2 protein chains.
Amino acid sequence: MSGIPLTDRHPFVRRIQSIALFDLSEAERAALALLPLHPATYDAHQDIVTEHDRPSRCFAVLTGITATYKTTRDGRRQVVAYHVPGDVPDFQSLHLKTLDFSIAAVAPTRIGFVAHDALRGLFREHPRLGDVFWRATLIDGALSREWMLNNGRRGSFPRMAHLFCELMIRLDLVGLVQDHSCELPLTQYELGDALGITSVHVNRILKELRDGGLISLSGGRLTVHDWSALSKAAEFDETYLHLRRTPA
Amino acid sequence: MSGIPLTDRHPFVRRIQSIALFDLSEAERAALALLPLHPATYDAHQDIVTEHDRPSRCFAVLTGITATYKTTRDGRRQVVAYHVPGDVPDFQSLHLKTLDFSIAAVAPTRIGFVAHDALRGLFREHPRLGDVFWRATLIDGALSREWMLNNGRRGSFPRMAHLFCELMIRLDLVGLVQDHSCELPLTQYELGDALGITSVHVNRILKELRDGGLISLSGGRLTVHDWSALSKAAEFDETYLHLRRTPA
DNA sequence: CGACTAGTTGAACGACGTCAACCGTTGTGG
DNA sequence: CCACAACGGTTGACGTCGTTCAACTAGTCG
């Protein structure tokens, strides 16, 4: 018994399908839909798992956003990945026993825990799904690489533009973008932690982006007013997302 | 027929064993040793594979060092990973068809190409080895995360110290460190590309590290004179390397 | 109403980049 | 054998992007 109605799983199944290189069979969709998901909700800034944990389960994001982060000893924080509905942020715990990162909700977030054993059973029954999850972690790796390039070699203006481009596409993949606008409840402090700059500087760059007519970000909602200018400023090239097809 | 004598494979088998959570069986060691490796050598700064390639084979580093890198449109270069003997830098090509990065030799380097089909056959015969390779790519992901923290949140002095700590341990794992000293033929320009700073600044930090009696780096050889001071300066915590045991 | 959190803006500072000159080594061709 | 180009390293002067510190505003929740 899953405890979560099927509609809530929708982003999850949709995401898996968007990663797979083939069309999921009915049996595979059903197996995914029947996977026992144990629900939990978290408030903004609450940790879901923390470094050095040895989890016996993974979780899928159902609504909201999570941030995978690490900190230096003196408390400086670096977000190394965001995860949106449909993603499984800590899939590596299936093969790497102790976590080398923490994951926090950055906004009110609902997740569904899946026992490692349940996943192993799923992959035994449906080996192709195992390949899809493998592929998913490899795509996460590709995102990491792009973030390294972005944070290491681009100024803060294109850097922030790039992050917004990526998030828009990823949210669009799971149907969370309408009219170039989406829920994105990231504080400026959060953004700074992802981009490797301070919240003060985030504020200034955000002002430039706003004044340039590229985007608006307020009340937890991001709207892109000029996608072509934004993606050009970001030097955005979506190949690193390894999409099956280009989104609308 | 492999074309490469068995001793040259040694770092490769040794590395696989260092990743596995179990002791390799004789059959598994033999299967690895018999894997058809097609040799090739590259000079410093030569590309081995490049972004947008669609390779039908992976390669293992046998001697030397490779750099995985990406560039911005205006040519600024960011190294996102180094790979040392025993590593398989482009294992992801097995599941992600088009590469989102390039790999270059940073010094004269010998590699062995392995056909994707040969790997798939290996994993079919020895499923546990498939798990080990999966684990290897997840560890690469962990390194990426640590690099993001390092490059995003640490000043250039601890940042460089951290890189040297990591490389010392990884080279030690495959037996390439003696007396706290190893071959490390990275130019200052290379180092800058990995750390997200300029070669001029690399030179200054290197001087500080040298003057502080922490390391010496010249003639392509790195020697660590004061490991405890170096690792303290770097805030180095090796858990992210997911070692089975701590090295000497 | 006060406390707290998020955002906004200015001014001074500092880490790192840029530009430029110079040195030593290596390799190459006249 | 020497000339000289090419490359990597070294160092100084100066510029700039982003940080730090600080003050102020607005919204929210008890």
Side-chain angles (χ1 to χ4, degrees), chain A residues 43-46 65 67 72 74-78 104-108 150-163 183-211 215-222 233, chain B residues 43-46 65 67 72 74-79 104-108 150-163 183-212 215-222 233:
Chain A
D43 284 336
H45 310 151
Q46 256 192 300
I65 297 187
T72 62
D74 61 332
R76 286 131 69 95
R77 183 169 176 270
Q78 175 73 44
V106 302
N150 199 36
N151 287 359
R153 288 301 184 195
R154 284 198 261 259
S156 50
F157 185 91
R159 194 187 299 187
M160 186 175 298
H162 195 280
L163 177 60
E183 291 280 317
L184 195 68
L186 302 178
T187 66
Q188 296 183 355
Y189 197 92
E190 270 291 335
L191 278 173
D193 283 349
L195 297 170
I197 59 182
T198 57
S199 64
V200 173
H201 200 57
V202 167
N203 186 287
R204 294 196 242 267
I205 305 300
L206 224 34
K207 182 177 163 60
E208 283 184 51
L209 283 164
R210 232 184 292 114
D211 293 352
I215 63 152
S216 55
L217 176 66
S218 67
R221 172 159 287 272
L222 170 68
Chain B
D43 284 335
H45 311 150
Q46 257 192 299
I65 296 187
T72 61
D74 60 333
R76 288 132 67 96
R77 182 170 176 270
Q78 176 72 44
V79 172
V106 303
N150 200 37
N151 288 359
R153 288 302 183 194
R154 283 198 262 260
S156 50
F157 186 91
R159 194 187 300 187
M160 188 176 296
H162 196 280
L163 177 60
E183 290 280 318
L184 195 69
L186 302 178
T187 66
Q188 297 182 355
Y189 198 90
E190 269 292 334
L191 279 173
D193 283 349
L195 297 170
I197 59 182
T198 59
S199 64
V200 173
H201 201 58
V202 167
N203 186 287
R204 294 196 246 265
I205 304 300
L206 223 35
K207 181 176 163 62
E208 282 184 52
L209 283 164
R210 233 184 291 115
D211 293 353
I215 63 154
S216 55
L217 176 66
S218 66
R221 171 160 288 273
L222 170 68

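Below, all heavy atoms of this structure are taken into account, side chains as well, without hydrogens, waters or symmetry copies. Every chain is numbered from 1, with letters handed out A, B, ... down the list of sequences. Just so it is clear, the model here is predicted, and its values are computed rather than measured.
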Rounded distance in Å - [atom1] ([X]) to [atom2] ([N]):
X	N	atom1	atom2	value
B:K207	D:dT10	NZ	P	9 Å
B:L206	D:dT10	CG	P	7 Å
B:D193	D:dG8	CG	C1'	14 Å
A:I205	D:dT19	CD1	P	9 Å

Give a yes or no answer on whether the side chain of [X] reaches the backbone of [Y] with a donor-acceptor pair at less than 3.5 Å.
X	Y	result
A:N151	A:A194	yes
B:R159	B:R154	yes
B:Q46	B:A104	no
B:R153	A:R76	no

Query - Neighbour count above 12 (heavy atom, 6.0 Å) for A:Y189 OH - result: no
Report summary line: Computed from five pairs at either end and rounded to 10 degrees, the angle between the axes of the helix from C:dC1-D:dG30 to C:dG30-D:dC1 is 30°
Requested in this report: Select base, sugar-phosphate, or nothing to describe what A:G220 touches, counting heavy atoms under 4.0 Å on all strands.
Outcome: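 Result for A:G220 = nothing.
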For [X], give me all partners under side chain to side chain donor-acceptor pair (under 3.5 Å), at least two apart in sequence or on another chain.
X	result
A:S199	none
A:T72	A:D74
B:T198	none

Query - Strand-adjacent residues in residues 153-162 of chain B, judged by heavy atoms under 4.0 Å from DNA chain C - result: B:G155, B:S156
Solution key, residues 200-212 of chain B side-chain donor-acceptor pairs under 3.5 Å, sequence neighbours excluded:
{"unit_1": "B:H201", "atom_1": "NE2", "unit_2": "B:S156", "atom_2": "OG", "d": "3.1"}
{"unit_1": "B:N203", "atom_1": "ND2", "unit_2": "B:Q188", "atom_2": "OE1", "d": "3.0"}

Report task. Starting from the C-alpha separation in whole Å, work towards a yes-or-no answer on side chain to side chain contact (heavy atoms under 4.5 Å, CB included) for B:V106 and B:T187. Result -> CA-CA 8 Å; B:V106 303; B:T187 66; over 6 Å; no
Query raised in the report: Reading nucleotides 20-30 of chain D 5' to 3', which nucleotides get B (base under 4.0 Å from a protein heavy atom), which S (sugar-phosphate only), which -?
Result: BB---------
Requested in this report: Could I get the full list of salt bridge (charged side-chain N to carboxylate O under 4.0 Å, His left out) partners for B:E183, not counting sequence neighbours?
Outcome: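 B:E183 satisfies salt bridge (charged side-chain N to carboxylate O under 4.0 Å, His left out) with B:R221 only.
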Report task. With sequence neighbours left out, write down each residue that passes salt bridge (charged side-chain N to carboxylate O under 4.0 Å, His left out) with B:R77, or none if nothing qualifies. Result -> B:E190, B:D193
Report summary line: Sorted by chain and residue number, the side chain to side chain contact (heavy atoms under 4.5 Å, CB included) partners of A:A107 (sequence neighbours excluded) come out as A:P185
Query raised in the report: Where does the chain B footprint on DNA chain C start and end, counting 5' to 3' with a 4.0 Å heavy-atom cut-off?
Result: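 Range of nucleotides touched by chain B: C:dC16 to C:dC19.
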